[in-house]
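Just so you know, these numbers come straight off a predicted model, no measurement behind them. Order of the sequence lines sets the chain letters (A, B, ...), proteins ahead of strands, with each chain counted from 1.
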Amino acid sequence: MKEYDIVVIGGGPAGLASALAAKENGIKDILILERDRELGGILNQCIHNGFGLHTFKEELTGPEYAARYIERVVDMKISYKLHTMVLDIRPDKVITAMNKEEGLFEIRTKAIILAMGCRERARGALNIPGYRPAGIFSAGTAQWLVNKEGYLPGREVVILGSGDIGLIMARRMTLEGAKVKVVAELMPYSGGLKRNIVQCLDDYGIPLKLAHTIIDIKGKKRLEGVTLAQVDENGKPVLGTEEEYSCDTLLLSVGLIPENELSGGMGVAMNPVTSGPFVNESLETNREGVFACGNVLHVHDLVDFVSEEAAVAGKNAAKYVKNQSENRVSAANSEEIVQDTKVCLKPVNGVRYTVPSTINPSRMEENQIVRFRVGAVYKNKTIGVYFDGEEVLKRKRMVMAPGEMEEVKLSKTMFLSHPNVQSITIQVEDV
Amino acid sequence: MEKRELTCIGCPMGCAITVTMNGMEIKDIAGQTCKRGETYARKEVTSPSRVVTSTVVVDGGTERRVPVKTQNDIPKDKIFECMKALKGIHITAPVAIGDIILVNVAGTGVNIIAAKNIEQQHFV
Ligand SMILES: Cc1cc2nc3c(=O)[nH]c(=O)nc-3n(C[C@H](O)[C@H](O)[C@H](O)COP(=O)(O)OP(=O)(O)OC[C@H]3O[C@@H](n4cnc5c(N)ncnc54)[C@H](O)[C@@H]3O)c2cc1C
């Protein structure tokens, strides 16, 4: 069985950046496994610009952003296999994968980086009554059809859900000659970035109807139209607000979920809020030597943060591999095992989750970035961080929205002045 | 006097800004909570511009289409003209990021460039 130091599952921006960081930190035997025909992940179909503003200070398209990392992966001679689907990961870190040349094969590795990204929520997960006629696509599928295949899935379009992919596709289909009639959003706020609402909808006069949903779908073979209605605070349609829209295409942009079948299968503990693994300060899961980053860990809106997070995972995976080979020598001499202390992070009062969910102060870097999302739109609030009830950090925010990831930075000094801290609370509070 | 309603894209706050215009002259900008809002509003009402991205057909490549973009932003009212100019363009692989696909699109003085590397398809 072939052996590696680190195997990265998924060759999207997370996989690429983690592999690069591992290599830069001295690991030679790295392998990236990607099921697609090329590296770059979802970025290959995101031809719009707006990527990399934080990292490169310019607005790149998805493929251009990906190319910068792919070129470095090639330059640094990191091996990768395309058309290769990972089917199973065993707790003892034996990976089963499949491709045309090698058929079904197994590889053993010291560390694993999970970077499988996420997939779109399917229509089945929604509750739209009516037939299931042709003409209903997820926004991401439509994006793939238009941008990769050059095929326009329809002429008259209604979009349900105001996530970024839906907004981007409203503009893309308009530019290709389709008429996008309306974007309906169940929540009273949009799930997408402000910039996308302005540049993808407002620019083209496409109406955004907040607190609206689809209550009926018309057409048996091909979609003929949908009925929209306003919803009340409980998400129930309000009688008398129904509006008919004729359309041949309905795009669903109703959210993404991390692709974690593999992680679950090997016993990685999952956070029900993010549908991604619970991780510690090193972005390591509850399975030692198994790290996670990017959209498989929690859904990101900005790829820059994906790359940044992935580099941390790659660096820590490298550290783990190096420590392991050293420990094998030292463990023989010493019976003693250092009992690591773990501080738990508790998201409360408006904060839905945190990544990481635990911090081991002895293993943290000078600064620890904690990323999280809030559960509603908040204006003029502060984010408070408490070590066992004692305030250590307050950050004012003009506005926070569920669609935009937040972060706070914890420093080593905070932990030094609270040596016995048990838990850290992060919450939204009044100014 | 004419009033223009805008949403600032400077940050998630998304301030609703009202610009009062007298013909082409800005009389007042109101509703923004910071300086960025004013700068944004000024640009939006005087010379709004966007980067346009799309794809064109590639012949003999490992992929059927190559993503392209305007090298810089172009006036907003030239977007559809730009899209029209891209229709029917065929280029031949290989293509490299930055290759010029079309010069001076829609008379804007801005070139269309490739946004992805596409290799030649080799048949064996
Ligand atoms: C439509 C859309 C628009 C976006 N727009 C923007 C934007 O304007 N600006 C911005 O900054 N960010 C944007 N993003 C966000 C950004 O692109 C993503 O956050 C980023 O691509 C996530 O990277 P990733 O590597 O975690 O996942 P992905 O890019 O999804 O990569 C995961 C990879 O893993 C592979 N994989 C999965 N399972 C397996 C398996 N079992 N075996 C082998 N390989 C596997 C997949 O094939 C894929 O290539 C957008 C995202 C989407 C979906």
Handout entry: A:Lys396, NZ: over 12 other non-hydrogen atoms inside 6.0 angstrom
Key = yes

Exercise for the section: List the steps and the verdict of side chain to side chain contact (heavy atoms under 4.5 Å, CB included) for B:Lys116 and A:Glu38. Expected result: CA-CA 12 Å; B:Lys116 191 174 181 185; A:Glu38 57 186 336; 2.7 Å; yes

Practice task
For A:Tyr80, look at atom OH and say whether over 12 heavy atoms of other residues, nucleotides or ligands are found less than 6.0 Å away.
Solution key: no

Problem - Trace of the side chain to side chain contact (heavy atoms under 4.5 Å, CB included) decision for A:Ile197 with B:Thr7 - result: CA-CA 9 Å; A:Ile197 294 178; B:Thr7 309; over 6 Å; no

Practice task
Quick one: which of B:Ala114, B:Pro67, B:Ser54 has the most heavy-atom pairs under 4.5 Å with chain A, could you say?
Solution key: B:Ser54

Handout entry: Interface moiety of A:Arg397 toward chain B, non-hydrogen atoms closer than 4.5 Å
Key = neither

Handout entry: Side chain proximity check, B:Ile9 to A:Gln199, heavy atoms < 4.5 angstrom
Key = yes

Exercise for the section: Tabulate, in ascending numerical order, the residues of residues 61-76 of chain A having at least one heavy atom closer than 4.5 Å to a heavy atom of chain B, or enter 'none'. Expected result: A:Thr61, A:Pro63, A:Glu64, A:Ala67, A:Glu71

Practice task
Report, by ascending residue number, the residues of residues 177-193 of chain A in heavy-atom contact with chain B at a distance under 4.5 Å; give 'none' if the set is empty.
Solution key: none

Exercise for the section: Step through the shown structure and confirm whether more than 12 heavy atoms of other residues, nucleotides or ligands are within 6.0 Å of CD on A:Glu429. Expected result: yes

Handout entry: Audit row: A:Lys148, B:Glu63, side chain to side chain contact (heavy atoms under 4.5 Å, CB included) steps and yes/no
Key = CA-CA 8 Å; A:Lys148 298 285 283 183; B:Glu63 289 183 52; 3.0 Å; yes

Exercise for the section: Without swapping roles, check the side chain of B:Thr53 against the backbone of A:Ile47 for a donor-acceptor pair under 3.5 Å. Expected result: yes

Problem - Where B:Tyr40 and A:Val198 come nearest, the two heavy atoms and their spacing - result: OH-CG1, 3.5 Å

Completion exercise
If you tally heavy-atom pairs under 4.5 Å between each of A:Leu60, A:Asn147, A:Asp202, A:Asn196 and chain B, the highest tally belongs to A:Asn147

Problem - Contact origin within B:Cys82 toward chain A - heavy atom pairs under 4.5 Å - result: neither

Problem - Proximity breakdown for A:Arg171 and chain B, heavy-atom pairs closer than 4.5 Å - result: neither

Practice task
Check whether any side-chain heavy atom of A:Arg172 lies under 4.5 Å from a side-chain heavy atom of B:Thr55, and answer yes or no.
Solution key: yes

Fill in the blank from the handout: Between B:Arg65 and A:Val146, the two heavy atoms sitting closest are CD-O, 4.5 Å

Exercise for the section: Can you establish whether the number of heavy atoms outside A:Lys394 located under 6.0 Å from its atom NZ is more than 12? Expected result: yes

Practice task
Identify which part of B:Leu86 has an atom lying under 4.5 Å from any heavy atom of chain A, answering side chain, backbone, both or neither.
Solution key: neither

Practice task
Return yes when atom NZ of B:Lys87 has more than 12 non-hydrogen atoms of other residues, nucleotides or ligands closer than 6.0 Å, and no otherwise.
Solution key: yes

Problem - Main-chain N/O of B:Cys8 paired with A:Arg195 side-chain donor or acceptor, under 3.5 Å - result: no

Practice task
Name the region of B:Lys84, side chain, backbone, both or neither, that has any atom closer than 4.5 Å to a heavy atom of chain A.
Solution key: neither

Practice task
Check A:Tyr204 against B:Ile79 and note the closest heavy-atom contact, atom names and distance.
Solution key: OH-CD1, 3.6 Å

Exercise for the section: Would you check, one step at a time, whether the test side chain to side chain contact (heavy atoms under 4.5 Å, CB included) holds for B:Met83 with A:Glu176? Expected result: CA-CA 8 Å; B:Met83 285 302 292; A:Glu176 288 297 336; 3.5 Å; yes

